A.B. asks: 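This structure is in structure tokens; I'll ask about it shortly.
The figures here come from the full heavy-atom set of this structure, side chains too, leaving out hydrogens, waters and symmetry mates. Keep in mind that what you see is a predicted model, and the values were worked out from it rather than measured.
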Amino acid sequence: MNAVNDLITRSNRLGADKRNTNFAGGNTSAKGVEADPVTGADVELLWVKGSGGDLGTLTESGLAVLRLDRMRAMVDTYPGVDREDEMVARFDYCLHGKGGAAPSIDTAMHGLVDAAHVDHLHPDSGIAFATAVDGPALTKECFGDRVVWVPWRRPGFQLGLDIAQIKAANPQAIGCILGGHGITAWGDTSEECEANSLEIIRGCEAFIADRGKADPFGGTVDAWAPLDPEARAERAAALAPVIRGLASFDHRQVGHFTDDPAVLEFLASERMPELAALGTSCPDHFLRTKVRPLILETGANDPLEDVIAHLRERHGAYREAYRAYYERYAEPDSPAMRGADPAIVLVPGVGMFSFGPDKQTARVAGEFYLNAVNVMRGAEAISTYRPIDESEKFRIEYWSLEEAKLRRRPAPKPLAGRVAFVTGAAGGIGKATAERLAAEGACVVIADLDEDKAAAAAAEIGGPDTAVGVACNVTDEDAIAAAIARASLAFGGIDLVVNNAGLSQSKPLVETTAADWDLQHDVMAKGSFLVSRESAKLMMAQRMGGDIVYIVSKNAVFAGPKNIAYSATKADQAHQVRLLAAELGEHGIRVNGVNPDGVVRGSGIFAGGWGAQRAAVYGVKEEELGQYYAGRTLLKREVLPSSVADAVYALVGPDLGLTTGVHIPVDSGNPQGFLR
């Protein structure tokens, strides 16, 4: 297994440096001999990174393992380039053993090239050579005969045959540059292969640095110069939900924003519209970013309403152009058009917005477009950027093999593509709700008074592609606006709000101070109103509808003793649900409530002194309070934070889409909380 260990180590090293390849891009392989467990005879095997894996995090389970004798026998039955797609299915008949990853389209390249180790990578510097109009001459000038130019050919069995022939005809060569695509290198040992890959990558980098012109994107357009960081973030947060709504016209998308200096430099350049319109070249790039981005040409300081109007106009034109692109090249057996909305939106002076069905896909799409910017910079520095023909891009984007890969993906979870904003979510009911929503596929913003605890809860739930923590004092309008802005920058907007933040004090009327009353109402009644108001503005800008859920209480309808401030504010929240449901329905925003009772275990409110106060009211020990509450219910079962989370999911999930303005009791059957 030394070959496998060496392959994993090499792959992880190469993948850890994004100068070498992009996320999930490229593949590596090793050949070796093992005993056949059936016959006991030695058999030659190929271990190669499987379809969709990432080199930086590759493990043995991410490798496809094939018998080389059977792979090589495929050459004799190859039906020709017109039918080469059939060869991918035949890889399954070459597999050795059970398990492992599905073989990728590049498997033939690795199996047919006569070298013990092969790397196929997508470095920005290498693709700059691969997309330069005089790439063959530049390759010769930079590397002599150590690196061979391979004209563009779509990935597949024929490309594997071509590279195998080139390697055989050029024994002095260490690898090749694939026109419009990337690089391939080989070696007799894993160390030699890695060294050859890096020689090509670093050689391209050095050539561009030494020979390239200083301003490949032309001069700077003053109106497109970057705003200062604070103004940039403010403008990006205001635009994000609008752009996300447009990018979700066909399919709901999650957003990602970046104002990386390289992006801002490109967006401010005079040649940006011209170069961006050419689109990306490497198949990994345009499969993630679409054939080209949506480009705004508004000034960085233009009024926001003018930018939004221009954005909506450009979006309509983009959809028409994409449909025309599809109809220009589609054949009777082509897959149906997957959607005409952009994956990348470029806003001069502000930054880049990228989109996908989940946060990771959206983020990676942005990373790939940054790769494309680097490629354009390198190609223009030493030559002229010329990506592959649009017709070839379409052939790959709507390739039957690509369609099959998409169909193999697991079905999306019920809340996939939705973004939830949960207040008071660092613990208790809020955290349980955030965990449940994330488990159902949502991206979650953990909003809490304590930012450190919010960040810790987000990390437990899944990290920045699933959850982020933000500070949010729900009594402070500016703090709420800032938290919602951070949510917009993190995920593109908000679809689902859970008003959970709260606290309680149990006192008789005559002992309840005005400060007690104000605190209860500020946090829950006023806080819920402010969060709902600001999130509703955002949802209206998105034009995608949404959900607002209030965590209310049985006390909203039950007149219990010594609880005036808490119960009154809960009644306020309960009526906010009805009022907002009536007002926001025309925008597709549903507003509902959950009325819990007796949530003792795991509850932040009860742990903060409320439990001791209520236990005293009912004459029981504090540690017995949960049992006491359960004993007075019809079902005799204790209510947990997860019970409330289940009710929230029921309201916002796929089954109650026509329900708004209601309250669901979660109290194990307490007649005092029955709704009349």
Side-chain angles (χ1 to χ4, degrees), residues 229-238 240-241 304 419-431 433-434 444-458 467-491 493-505 513-541 546 548-553 565-566 568-577 579-580 584 589 591 593 604-605 608-610:
E230 184 176 346
R232 201 160 64 235
E234 182 180 350
R235 176 60 63 96
L304 181 62
V419 181
F421 185 91
V422 186
T423 65
I429 289 172
K431 185 179 180 184
T433 300
V444 182
V445 180
I446 307 293
D448 200 272
L449 192 60
D450 188 320
E451 184 168 11
D452 290 340
K453 290 182 179 179
V468 297
V470 302
C472 186
N473 179 349
V474 298
T475 69
D476 184 330
E477 294 182 70
D478 292 337
I480 293 170
I484 288 179
R486 286 185 62 184
S488 295
L489 294 178
F491 298 118
I494 297 172
D495 307 295
L496 196 168
V497 170
V498 181
N499 280 313
N500 169 73
L503 77 161
S504 184
Q505 299 167 320
T513 66
D516 294 333
W517 178 273
D518 289 343
L519 178 61
Q520 297 275 271
H521 282 73
D522 279 352
V523 172
M524 291 185 288
K526 177 184 173 183
S528 296
F529 149 67
L530 292 174
V531 171
S532 296
R533 185 188 70 186
E534 294 308 306
S535 57
K537 291 177 185 177
L538 184 150
M539 291 178 188
M540 291 176 188
I548 300 175
V549 178
Y550 281 62
I551 305 301
V552 190
S553 171
Y566 178 80
T569 196
K570 285 298 181 182
D572 186 318
Q573 284 186 307
H575 201 48
Q576 284 187 38
V577 168
L579 293 167
L580 297 187
L584 299 178
I589 301 171
V591 187
I605 286 180
W610 172 253

A.B. asks: Any side-chain heavy-atom pair from L519 and Q505 closer than 4.5 angstrom?
C.D. replies: yes
A.B. asks: List the steps and the verdict of side chain to side chain contact (heavy atoms under 4.5 Å, CB included) for T433 and N500.
C.D. replies: CA-CA 9 Å; T433 300; N500 169 73; 5.9 Å; no
A.B. asks: Which pair of non-hydrogen atoms, one from D450 and one from D452, has the smallest distance, and what is that distance?
C.D. replies: OD1-N, 3.0 Å
A.B. asks: Give the intermediate values and the outcome of side chain to side chain contact (heavy atoms under 4.5 Å, CB included) for residues N499 and Q576.
C.D. replies: CA-CA 11 Å; N499 280 313; Q576 284 187 38; 6.0 Å; no
A.B. asks: Just how far is it from atom NZ of K526 to atom CG of D518, taken to the nearest 0.5 Å?
C.D. replies: 9.5 Å
A.B. asks: How about L503 and Q520: do any of their side-chain heavy atoms sit closer than 4.5 Å?
C.D. replies: yes
A.B. asks: Which heavy atom of A458 sits nearest to which heavy atom of G469, and what is that distance?
C.D. replies: CB-N, 3.6 Å
A.B. asks: Just how far is it from atom CG of D448 to atom CG of N473, taken to the nearest 0.5 Å?
C.D. replies: 10.5 Å
A.B. asks: Between D572 and T569, do the side chains contain a donor N or O and an acceptor N or O under 3.5 Å apart?
C.D. replies: no
A.B. asks: Among residues at least two apart in sequence or on other chains, which ones pass side chain to side chain donor-acceptor pair (under 3.5 Å) with E234?
C.D. replies: none
A.B. asks: Which of these passes side-chain contact (heavy atoms from CB on, under 4.5 Å) with F421: V445, I548, I446?
C.D. replies: V445
A.B. asks: What closest approach, in Å, do A471 and R486 show between heavy atoms, and which atom pair accounts for it?
C.D. replies: N-NH1, 4.1 Å
A.B. asks: Using 0.5 Å steps for rounding, measure from the NE2 atom of H521 to the OH atom of Y566.
C.D. replies: 12.5 Å
A.B. asks: So, for C472 and A447, which heavy atoms are closest and what is the spacing to 0.1 Å?
C.D. replies: CB-CB, 3.8 Å
A.B. asks: Nearest 0.5 Å, what's the CD1-CG distance between I480 and L530?
C.D. replies: 4.5 Å
A.B. asks: Just how far is it from atom CD1 of I589 to atom OG of S535, taken to the nearest 0.5 Å?
C.D. replies: 7.5 Å
A.B. asks: Of all the heavy-atom pairs spanning V497 and I494, show the shortest one and how long it is.
C.D. replies: CG2-CG2, 3.8 Å
A.B. asks: Looking only at heavy atoms, what is the nearest atom pair of A485 and A237, with distance?
C.D. replies: CB-CB, 3.7 Å
A.B. asks: Of all residues at least two apart in sequence or in a different chain, which pass the side chain to side chain donor-acceptor pair (under 3.5 Å) check with S528?
C.D. replies: Q573
A.B. asks: To the closest 0.5 Å, what do you measure between OH (Y550) and OG1 (T423)?
C.D. replies: 10.0 Å
